[in-house]
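Scope of the values below: all heavy atoms of this structure, side chains included, with no hydrogens, waters or symmetry mates.
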Amino acid sequence: MGMSRTATPTGEIPDQAAGKKPASVRMVLFALMIAMLLAMLDNMIVGTAMPTIVGELGGLSHLSWVVTAYTLATAASTPIWGKLGDMYGRKGVFLTSIVIFLIGSALSGMAQDMGQLIGFRAVQGLGAGGLMVGVMAIIGDLIPPRERGKYQGMMAGVMAVAMIGGPLVGGTITDHLGWRWSFYINLPLGAIALVMITAVLHLPKKRSQTRIDYAGAALLTVGITSLVLLTTWGGTQYEWLSKQIVGLGVLAVVALVAFVLVERKVSDPVLPLRIFRNGNFSLVTVIGFLVGFVMFGSMTFLPLYQQSVQGASATNSGLLLLPMLLSMMAVSLFAGRITTTTGKYKIFVTVGGGLITAGLVLLSLMDTTTTRFTSGLYMAVLGAGMGFLMQTTMLIAQNSVEMRDMGVGSSSATLFRTIGGSFGVAIMGAVFSNQVKTTMIEKLGPVAGEKMTTGGAQMDPKTLPSLPAAVKDAYAHAVSSGTHQVFFWGALISVIGFAAAWFLKEVPLRGGPAADTAKAAEAAEAEPVAV
């Protein structure tokens, strides 16, 4: 006796999660985690290899573009990948993104000059955008929100592995195999993900009759690209009030306004504005933006503080964040389990927002006498706050959209977190650099202080031991003062997210016991039986 299975009109598969054995679901999730690791680990590994790459290929003035090209392509393609998955089926689109990422990795490893490397990194970033969105959307398809919390620890664990292991793996590969293997290492991992996903992931195929919203996609790409370039170049490559930065700001506003006007008229928009009519979705989008702002800003400046002020080794920079990352992983796992058991999630978003604010306030208290143990405790508080928020905000976003919009809902949440990270690094970087320069001038005088900070506050911690005692002391105080300002302003901004959490509504998560029983009964009645 066999049974034929059909999807609902919206593309939802009522028995997809329920019908699979837990081991099968775990196998799919394992393959998805490998794909997510590919996207997250890449930048961490490449960052460690960059000094060697520049030494061989030259092009020091274009160094930032190796990272910017990847980030730009990832951010700009994220919403488009999400929409393509909604239109044509998740599995095929996801496999395509993996292939593009692996092609970009192989080409980057074969690059002969900086121009080639930048171009090939853009190809990599294009695939990475589909990897991140695909993982989240497929999980959204397979596992009901009520059950999804059980797997939050896996996703947080992948992030911890990438943040901690990336720099260590990158250094080891570069020293023993050469920098090209920083890219080639993606190939076997990607091949495993491709084979496993092809074999174990089964989703219904879709065939959309609608046309792709090319105008909306182009305008959104221009708007996102302008925003990322503005935050990347502002205060570093160009002054904030320079014509280049102001021009990018104007272009971003014009493109995004035109995008909204286009999306309101087309029949099948690339980013349906209707999803933002849901209050919970709009609120978690804001909260996700702020989480990205705080997380990427913190991970940028905490290692610098510990290396320059506390004298930690740059080689083990990933391990310096261990208290924050372990706390984030443990709390994410705890929150996921409780959410699965009770279906409640608002309390975690509220507590998470409060802990992030408290952690940033504590980190702003650090000075030149703060011990590594004390700073580790402060980081653990911040990590706990991020653990409550990281996956919970994605869960709420996916629970707030219809199944047909799962891809664009996931991509929108990912996109705003990415843009929040870009803004966080840029704004916190500007605050930090300005405060370091001011403190160095106060400690060493106008001439010496200006000379030591020319081109930004980026003195190499490795050179500090060889500097005069007065300069070392001045720079330690300057970095300490700069991190104080960064985390103080970060705490003020995080209050917005804490306040937004109070306005969330506790909407029941799809896939609860009552819902599952009703769906099973409905599916059994509607499902034809073949003998």
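The two residues G190 and I98 have their closest heavy-atom pair at O-CG2, 4.1 Å. Taking every heavy atom of both residues into account, E263 and P269 meet most closely at OE1-CB, 2.9 Å. Of all heavy-atom pairs between L29 and I139, the closest is CD2-CG1, 3.7 Å. Considering every non-hydrogen atom in both G223 and A252, the closest pair reads O-CB, 4.0 Å. Annotation for L32 and I138: closest pair CD1-CG2, 3.8 Å, computed over non-hydrogen atoms. For the residue pair L355 and A384, the shortest heavy atom distance occurs at CD1-CB, 4.0 Å.
The distance from the CZ atom of F301 to the CZ atom of F432 is 6.0 Å, given to the nearest 0.5 Å. Atom OG of S108 is separated from atom CZ of F183 by 5.0 Å, given to the nearest 0.5 angstrom. Note that NZ of K83 and CD1 of I80 are 12.0 Å apart. Values are rounded to the nearest 0.5 Å. Note that CE of M386 is 13.0 Å distant from CE of M329, once rounded to the nearest 0.5 Å.
Proximity of a side-chain donor or acceptor of K346 to a complementary backbone N or O of L504 within less than 3.5 Å is detected. In this structure, the side chain of N186 does not engage the main chain of S105 through any donor-acceptor pair within 3.5 Å. Judged by distance alone, with hydrogens and angles left aside, the side-chain atoms of T342 form a donor-acceptor pair with the main-chain N or O of I338 at under 3.5 Å. In this structure, the side chain of S332 does not engage the main chain of M328 through any donor-acceptor pair within 3.5 Å. Side chain of T74 to main chain of G125: a donor-acceptor pair is present (N/O by atom type, distance under 3.5 Å, no hydrogens or angles). For the pair Q124 (side chain) and I100 (backbone), a donor-acceptor distance under 3.5 Å is absent. Y345 contributes a side-chain N or O that, together with a main-chain N or O of V507, makes up a donor-acceptor pair within less than 3.5 Å. Counting only distance, with no hydrogens or angles, the side chain of S97 and the backbone of F94 share a donor-acceptor pair below 3.5 Å. The main-chain N or O of S400 is found under 3.5 Å from a side-chain atom of N278 such that the two form a donor-acceptor pair.
Between M110 and Q116 the shortest side-chain heavy-atom distance does not fall below 4.5 Å. A 4.5 Å side-chain heavy-atom check between Q244 and E239 finds every atom pair outside the cut-off. Considering only heavy atoms from C-beta on, V135 comes within 4.5 Å of M33 through its side chain.
Ring geometry, F293 versus F289: the interplanar angle falls from 30° to 60°, so the pair is classed tilted. The aromatic rings of F388 and F348 lie parallel to each other, with less than 30° between the two planes, well short of the 60° mark.
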> Does the pair R277 and S282 meet the rule for a side chain to side chain donor-acceptor pair (under 3.5 Å), with working shown?
Replying inline: CA-CA 7 Å; R277 294 174 190 156; S282 296; over 6 Å; no
> What do the steps show when you test T96 against W81 for side-chain contact (heavy atoms from CB on, under 4.5 Å), and what is the final call?
Replying inline: CA-CA 10 Å; T96 301; W81 282 114; 4.3 Å; yes
>> I'd like to know whether R264 forms a side-chain contact (heavy atoms from CB on, under 4.5 Å) with L273, so could you lay out the CA-CA distance, the side-chain angles of the two residues, the decisive distance to 0.1 Å, and finally the verdict.
In response: CA-CA 7 Å; R264 293 176 64 181; L273 300 181; 3.5 Å; yes
>> Please evaluate residues I275 and S412 with respect to the criterion side-chain contact (heavy atoms from CB on, under 4.5 Å), reporting the C-alpha separation (whole Å), side-chain torsions for both, the decisive distance (0.1 Å), and the verdict.
In response: CA-CA 10 Å; I275 64 177; S412 297; 3.9 Å; yes
Could you list the donor-acceptor pairs under 3.5 angstrom formed between side-chain atoms of residues 193-201 and any protein atom two or more places apart in sequence or on another chain?
unit_1	atom_1	unit_2	atom_2	d
T198	OG1	L194	O	2.7

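Counting only N and O atoms by type, the side chains of T357 and S494 include a donor and acceptor under 3.5 Å apart.
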